[in-house]
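A short worksheet on the structure shown next.
Index from 1, following the sequence.
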Amino acid sequence: MKTEHILIMRFSAIGDVAMTVPVVASLAKQYPNVRITVLSKSFAKVFFENLSPNVGFMEVDFDGENKGIHGLNVLYRRLAAKHFTAIADLHDVLRTKYLRLRFNLDRYRVMHIDKHHKDRKKLTAKKNKILRQLPSSFENYADVFKKLGYPITLDFKSIYSPLGGNLRQLPPVIGEKKGFQQWIGIAPFAAHQGKIYPIDKMEKVIEMITTLHPNWRIFLFGGGRNEISIMSEWEKKYKQCICVSEYLSGLSQELILMSHLNVMVSMDSANMHLASLTGIPVISIWGATHPYTGFMGWNQNEQNIIQVSLSCRPCSIYGKKPCYINKNMECMHRITPKMIMDKIDNVIQNINN
């Protein structure tokens with residue numbers, strides 16, 4: 001009898017791929033005799049290499065070997081040699097549609113994600129907006145496997161044990177976590193401006209933390225050149241701050257550190273999803289986008305969302321569109337540093353109680 005072997009395709013950005021992890025982990029746990037191969041970009045290997053014994057990883061290189069139609073044909077031949085029994089397209093873009101076409105022509109079982117485009121347009125409409133919760137990405141991913149004949153219960157907790165990752169794998173500057181300390185993560189950036197809290201206001205949050213809680217440590221997450229420059233200045237100005245990118249090497253080490261945070265403060269960004277994979281609470285700040293789009297972090301508490309109600313929100317699914325009201329991003333500016341500080345204190349208090 002042929003061994004069941006599922007191919008999962010999801011490329012795109014870090015946050016989108018991170019959101020597949022709870023679903024893939026649940027699938028692997030509930031179908032231990034089914035082989036699972038995740039096809040993605042090289043950065044995603046860290047998510048899956050130790051996830052489960054029956055989960056493997058394949059890398060694509062769209063800038064090299066797998067570039068263009070020729071490259072996709074090379075990739076298809078490589079995939080066909082694996083003798084998959086089911087294909088799950090969790091992306092539904094031109095590249096995966098082409099690969100789906102090839103698989104369909106060869107009579108594979110193939111299913112793809114429903115992104116609910118019509119409902120998204122209603123949610124972001126300027127007029128006659130319909131503000132309602134759309135299915136989460138986790139539900140959309142799980143639906144693909146249900147259609148393939150693998151219904152699952154999403155029961156993922158963390159990529160680590162309850163003790164978190166091994167801090168000894170990190171540089172000495174991180175050190176061990178002392179019992180009297182609270183470790184706060186702050187990820188102040190996102191891919192698009194519509195999702196970024198004003199930098200001067202975020203600095204005010206940092207100032208409030210350092211003043212009110214001098215024993216707390218603040219770890220700043222972000223990898224862009226301009227981002228690191230800003231965070232490095234904060235590190236010099238506030239002795240409790242550490243710019244993580246200057247000391248850690250890669251996503252694997254960042255995830256280990258995240259697993260020991262008491263709370264992460266993040267935009268609607270990849271870091272919200274990365275921190276969620278380690279099982280810690282995330283305070284998420286939303287501007288142009290909205291949790292109703294279905295991109296809330298895995299297993300996060302709705303009470304930890306920070307946003308203001310405006311008739312124009314959400315104006316964008318991904319935060320790419322410029323503000324069309326007054327160009328001032330009122331959705332972000334109406335959020336005060338005190339609102340964020342109060343939420344941090346509340347989360348820490350609940351943990352300690």
Side-chain angles (χ1 to χ4, degrees), residues 8 10 12-30 36 38 40 43-52 55 88 90-91 113-116 133-146 150-165 185-187 190-191 195 221 251-252 254-286 289-307 317-319 343 347 350-351:
I8 299 172
R10 178 76 218 206
S12 193
I14 293 178
D16 296 312
V17 179
M19 294 182 80
T20 68
V21 173
V23 182
V24 175
S26 300
L27 176 70
K29 176 183 174 183
Q30 291 159 37
I36 299 165
V38 178
S40 190
F43 69 79
K45 185 176 181 179
V46 66
F47 296 139
F48 303 102
E49 58 185 347
N50 297 311
L51 192 63
S52 178
V55 175
L90 304 187
H91 203 169
I113 189 173
D114 180 356
K115 295 182 178 179
H116 304 279
Q133 179 68 58
L134 302 187
S136 71
S137 291
F138 311 106
E139 293 171 316
N140 291 335
Y141 292 154
D143 281 345
V144 176
F145 297 108
K146 183 177 180 180
Y150 302 96
I152 54 178
T153 300
L154 298 176
D155 58 0
F156 174 79
K157 300 297 182 184
S158 170
I159 57 175
Y160 299 112
S161 74
L163 296 177
I186 296 181
K195 301 197 288 187
F221 292 83
L251 190 54
S252 179
E254 290 192 15
L255 287 165
I256 290 172
L257 177 56
M258 286 181 185
S259 71
H260 290 274
L261 299 176
N262 294 92
V263 63
M264 169 71 88
V265 179
S266 175
M267 308 300 104
D268 168 20
S269 69
N271 281 299
M272 171 179 66
H273 298 297
L274 297 178
S276 296
L277 295 184
T278 70
I280 67 164
V282 178
I283 295 170
S284 53
I285 301 171
W286 301 73
T289 58
H290 197 288
Y292 278 5
T293 57
F295 294 112
M296 183 76 170
W298 169 253
N299 208 26
Q300 289 301 324
N301 190 334
E302 292 182 3
Q303 296 299 315
N304 294 335
I305 295 170
I306 298 179
Q307 61 182 339
I317 295 296
Y318 303 110
K343 189 68 73 174
V347 171
N350 288 339
I351 292 173

Exercise. Any sub-3.5 Å donor-acceptor pair from Gln307's side-chain atoms to His290's backbone N or O?
Worked result: no
Seminar exercise, completed: In this structure, CE of Met272 is separated from CG of Leu277 (nearest 0.5 Å) by 11.0 Å
Problem set entry | Separation of Ile317 CD1 from Phe295 CZ (nearest 0.5 Å) | 6.5 Å
Exercise. Quick one: does Lys195's side chain have a donor or acceptor within less than 3.5 Å of a partner on Met267's backbone?
Worked result: no
Distance-only criterion, 3.5 Å: show the donor-acceptor pairs between side-chain atoms of residues 13-27 and protein atoms not counting sequence neighbours.
residue, atom, partner, partner atom, Å
Asp16, OD2, Ser12, OG, 3.0
Thr20, OG1, Val17, O, 2.6
Ser26, OG, Pro22, O, 2.7
Ser26, OG, Asp155, N, 3.2
Ser26, OG, Asp155, OD1, 3.3

Exercise. Would you say the side-chain atoms of Ser136 pair up with the backbone N or O of Glu139, donor to acceptor, closer than 3.5 Å?
Worked result: yes
Exercise. Does Lys115 use its side chain to pair, donor to acceptor, with the backbone of His91 at less than 3.5 Å?
Worked result: yes
Exercise. Do other residues, nucleotides or ligands put more than 12 heavy atoms under 6.0 Å from the NZ atom of Lys45?
Worked result: no
Seminar exercise, completed: Separation between CG (Asn299) and CD1 (Ile280), nearest 0.5 Å, reads 12.5 Å
Problem set entry | Under the side-chain contact (heavy atoms from CB on, under 4.5 Å) test, residues paired with Ser252 that sit two or more places apart | Val46
Problem set entry | Audit row: Thr278, Tyr160, side chain to side chain contact (heavy atoms under 4.5 Å, CB included) steps and yes/no | CA-CA 6 Å; Thr278 70; Tyr160 299 112; 3.9 Å; yes
Exercise. With side chains defined as the heavy atoms from C-beta onward, is the minimum distance between Phe48 and Ile8 less than 4.5 Å?
Worked result: no
Problem set entry | Gap between atom CG of Leu134 and atom CG of Asn140 - 0.5 Å precision | 8.5 Å
Seminar exercise, completed: Rounded to the nearest 0.5 angstrom, the CG-CD1 distance for Asn271 and Ile186 is 12.0 Å
Problem set entry | Tyr141 vs Ile113, side chain to side chain contact (heavy atoms under 4.5 Å, CB included): CA-CA, chis, key distance, verdict | CA-CA 6 Å; Tyr141 292 154; Ile113 189 173; 3.5 Å; yes
